[in-house]
Amino acid sequence: MKNFWLIKTEPENDWSWNDQLKKNIEGWDGVRNFAARKNLQSMKINDQAFFYHSGKDKCIMGIVKIIKEAYPDPSDKSGKFVMVDVKTYKSFKNPVLLKEIKSVKKLNKMVLVNNSRLSVQPVMPIEWKIICKLGI
DNA sequence: GCCAACGTTGGC
DNA sequence: GCCAACGTTGGC
(Lines give C-alpha, C1' and ligand atoms only; values in the text may rest on other atoms or scores of the structure.)
Protein backbone atom coordinates (compact mmCIF):
# COMPACT_ATOMS: atom_id res chain seq x y z
CA MET A 1 0.00 0.00 0.00
CA LYS A 2 1.17 3.44 -0.81
CA ASN A 3 1.99 5.77 2.04
CA PHE A 4 2.11 9.51 2.27
CA TRP A 5 4.69 11.65 4.03
CA LEU A 6 5.80 15.16 4.65
CA ILE A 7 9.45 16.16 4.62
CA LYS A 8 10.70 19.49 5.83
CA THR A 9 13.54 21.66 4.69
CA GLU A 10 14.89 25.10 5.38
CA PRO A 11 14.90 26.88 2.04
CA GLU A 12 17.22 29.63 3.25
CA ASN A 13 20.05 27.53 4.62
CA ASP A 14 19.62 24.08 3.30
CA TRP A 15 17.56 23.01 0.35
CA SER A 16 14.64 24.72 -1.38
CA TRP A 17 11.92 23.64 -3.75
CA ASN A 18 13.69 25.66 -6.40
CA ASP A 19 16.85 23.62 -5.86
CA GLN A 20 14.74 20.49 -6.04
CA LEU A 21 13.17 21.52 -9.34
CA LYS A 22 16.60 22.19 -10.78
CA LYS A 23 18.14 18.95 -9.63
CA ASN A 24 15.08 16.70 -9.97
CA ILE A 25 16.61 13.78 -8.09
CA GLU A 26 18.09 14.34 -4.67
CA GLY A 27 19.34 12.26 -1.76
CA TRP A 28 17.50 13.22 1.40
CA ASP A 29 20.31 13.03 3.93
CA GLY A 30 21.11 14.70 7.23
CA VAL A 31 18.17 13.41 9.27
CA ARG A 32 19.38 12.91 12.85
CA ASN A 33 16.28 12.09 14.79
CA PHE A 34 15.02 8.66 15.69
CA ALA A 35 11.35 9.27 15.07
CA ALA A 36 12.21 10.73 11.69
CA ARG A 37 14.49 7.78 10.97
CA LYS A 38 11.69 5.37 11.69
CA ASN A 39 9.55 7.17 9.13
CA LEU A 40 12.34 7.14 6.57
CA GLN A 41 12.68 3.41 7.05
CA SER A 42 8.96 2.92 6.47
CA MET A 43 9.06 4.63 3.10
CA LYS A 44 8.51 2.50 0.04
CA ILE A 45 9.31 3.15 -3.59
CA ASN A 46 6.60 5.29 -5.20
CA ASP A 47 5.37 6.66 -1.89
CA GLN A 48 4.77 10.38 -2.17
CA ALA A 49 5.81 13.17 0.14
CA PHE A 50 4.89 16.80 0.58
CA PHE A 51 7.83 19.16 0.36
CA TYR A 52 7.55 21.68 3.19
CA HIS A 53 9.41 24.93 3.63
CA SER A 54 9.95 25.87 7.25
CA GLY A 55 11.25 29.23 8.38
CA LYS A 56 10.05 32.25 6.44
CA ASP A 57 7.70 30.56 3.98
CA LYS A 58 5.96 27.94 6.11
CA CYS A 59 4.19 26.24 3.23
CA ILE A 60 3.97 23.05 1.21
CA MET A 61 5.55 23.70 -2.17
CA GLY A 62 4.85 20.47 -4.00
CA ILE A 63 5.21 16.74 -4.08
CA VAL A 64 8.17 14.40 -4.46
CA LYS A 65 8.26 10.67 -5.00
CA ILE A 66 10.41 8.17 -3.17
CA ILE A 67 12.62 6.47 -5.72
CA LYS A 68 15.06 4.73 -3.40
CA GLU A 69 14.27 3.24 -0.03
CA ALA A 70 16.27 3.82 3.13
CA TYR A 71 19.99 3.19 2.96
CA PRO A 72 22.86 4.28 5.24
CA ASP A 73 23.50 8.01 5.23
CA PRO A 74 27.17 8.50 4.35
CA SER A 75 27.15 11.93 6.00
CA ASP A 76 26.53 10.21 9.36
CA LYS A 77 29.79 9.02 10.87
CA SER A 78 28.09 6.97 13.56
CA GLY A 79 26.37 4.88 10.90
CA LYS A 80 23.08 5.03 12.74
CA PHE A 81 21.04 7.10 10.37
CA VAL A 82 19.60 6.54 6.93
CA MET A 83 18.50 8.51 3.91
CA VAL A 84 16.24 8.04 0.89
CA ASP A 85 16.29 9.40 -2.64
CA VAL A 86 13.43 11.55 -3.85
CA LYS A 87 12.42 12.77 -7.27
CA THR A 88 10.40 15.86 -8.12
CA TYR A 89 6.86 14.84 -8.92
CA LYS A 90 4.58 17.84 -8.95
CA SER A 91 4.72 21.53 -8.21
CA PHE A 92 1.77 23.14 -6.47
CA LYS A 93 0.34 26.12 -8.31
CA ASN A 94 -0.81 27.44 -4.97
CA PRO A 95 1.64 26.53 -2.24
CA VAL A 96 -0.39 25.55 0.82
CA LEU A 97 0.42 27.78 3.76
CA LEU A 98 0.70 26.50 7.29
CA LYS A 99 -1.86 29.13 8.15
CA GLU A 100 -4.36 27.57 5.75
CA ILE A 101 -3.69 24.11 7.11
CA LYS A 102 -4.35 25.35 10.61
CA SER A 103 -7.61 26.92 9.50
CA VAL A 104 -8.99 23.62 8.15
CA LYS A 105 -10.60 21.62 10.91
CA LYS A 106 -9.97 18.24 9.34
CA LEU A 107 -6.27 19.00 9.20
CA ASN A 108 -5.75 19.96 12.81
CA LYS A 109 -4.67 16.42 13.70
CA MET A 110 -1.72 16.65 11.36
CA VAL A 111 1.72 16.08 12.80
CA LEU A 112 2.75 19.32 11.17
CA VAL A 113 0.29 21.17 13.38
CA ASN A 114 0.98 19.27 16.60
CA ASN A 115 4.66 18.40 16.36
CA SER A 116 6.11 20.86 13.93
CA ARG A 117 9.66 19.91 14.86
CA LEU A 118 9.56 16.40 13.43
CA SER A 119 11.35 16.59 10.09
CA VAL A 120 9.88 13.48 8.47
CA GLN A 121 6.21 12.95 9.18
CA PRO A 122 3.46 10.57 8.10
CA VAL A 123 0.37 12.06 6.44
CA MET A 124 -3.09 10.46 6.52
CA PRO A 125 -4.68 9.74 3.12
CA ILE A 126 -7.57 12.06 3.94
CA GLU A 127 -5.16 14.84 4.84
CA TRP A 128 -3.23 14.19 1.66
CA LYS A 129 -6.36 14.55 -0.42
CA ILE A 130 -7.45 17.80 1.16
CA ILE A 131 -4.06 19.43 0.79
CA CYS A 132 -3.67 18.30 -2.83
CA LYS A 133 -6.97 19.99 -3.55
CA LEU A 134 -5.82 23.19 -1.89
CA GLY A 135 -2.55 23.22 -3.79
CA ILE A 136 -3.86 21.98 -7.15
C1' DG B 1 15.01 37.92 18.49
C1' DC B 2 12.44 35.37 21.76
C1' DC B 3 10.93 31.43 23.84
C1' DA B 4 8.26 27.07 24.23
C1' DA B 5 8.60 22.42 23.12
C1' DC B 6 11.03 18.70 22.25
C1' DG B 7 14.96 15.27 21.75
C1' DT B 8 19.41 13.85 23.22
C1' DT B 9 23.15 13.37 26.39
C1' DG B 10 25.50 12.11 30.39
C1' DG B 11 26.05 11.68 35.35
C1' DC B 12 24.33 9.21 38.99
C1' DG C 1 17.15 3.36 34.01
C1' DC C 2 16.09 7.93 35.58
C1' DC C 3 16.20 12.72 35.06
C1' DA C 4 18.48 17.28 34.90
C1' DA C 5 20.88 19.95 31.76
C1' DC C 6 21.65 21.26 27.44
C1' DG C 7 21.08 22.23 22.43
C1' DT C 8 18.09 22.81 18.55
C1' DT C 9 14.05 23.72 16.06
C1' DG C 10 10.58 26.57 14.32
C1' DG C 11 6.49 29.45 14.93
C1' DC C 12 5.40 33.89 16.47
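Letters go in sequence order (proteins before strands), and every chain restarts at 1.
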(Q) Considering every strand and a 4.0 Å limit on heavy-atom distances, what is the contact class for L118(A): base, sugar-phosphate, or nothing? (A) nothing
Q. Among dC12(C), dG10(C), dG7(B), which nucleotide sits nearest the side chain of L98(A)?
A. dC12(C)
Q. Quick one: L112(A) CG to dC12(C) P, roughly how many Å, whole number?
A. 10 Å
**Q.** Distance in angstrom units between M110(A) CE and dG11(C) P, rounded
**A.** 12 Å
Q | Between C1' of dC12(C) and NZ of K58(A), the distance in whole Å | A | 7 Å
Q) dT8(C) P sits how many Å from N115(A) CG, rounded? A) 18 Å
Q: Would you confirm whether N3(A), through its side chain, and D47(A), through its main-chain N or O, come within 3.5 Å as a donor-acceptor pair?
A: no
Q. For the side chain of N33(A), counting heavy atoms from C-beta on, which of dA5(B), dG7(B), dC12(C) is nearest?
A. dG7(B)
Q. Is the distance between the ring centroids of F51(A) and W28(A) under 6.0 Å?
A. yes
(Q) Between C1' on dC12(C) and NZ on K56(A), what's the gap in Å once rounded to a whole number? (A) 15 Å
Q: For N114(A) and dG10(C), give me the distance from atom CG to atom C1', rounded to whole Å.
A: 15 Å
Q. Under 4.0 angstrom, heavy atoms only, what part of the nucleic acid is K99(A) near: base, sugar-phosphate, or nothing?
A. nothing
Q | From dG7(B), dA5(B), dG11(C), nucleotide with atom closest to S54(A) side chain | A | dG11(C)
Q) Any side-chain donor paired with an acceptor under 3.5 Å for S16(A) and D19(A)? A) yes
(Q) What is the separation between atom CZ on F81(A) and atom P on dT8(B), rounded to the nearest whole Å? (A) 7 Å
(Q) Less than 4.0 angstrom between a side-chain N/O of Y52(A) and OP1 or OP2 of dG11(C), yes or no? (A) yes
Q) Rounding to a whole Å, what distance do you find between D57(A):CG and dT9(C):P? A) 18 Å
(Q) Can you tell me which nucleotide in dA5(B), dT8(B), dG11(C) comes closest to the side chain of F34(A)? (A) dT8(B)
**Q.** Six-ring centre of Y71(A), K68(A) cation under 6.0 angstrom, axis tolerance 45°
**A.** yes
Q: For residues F50(A) and F4(A), establish whether the separation of their ring centroids is below 6.0 Å.
A: no
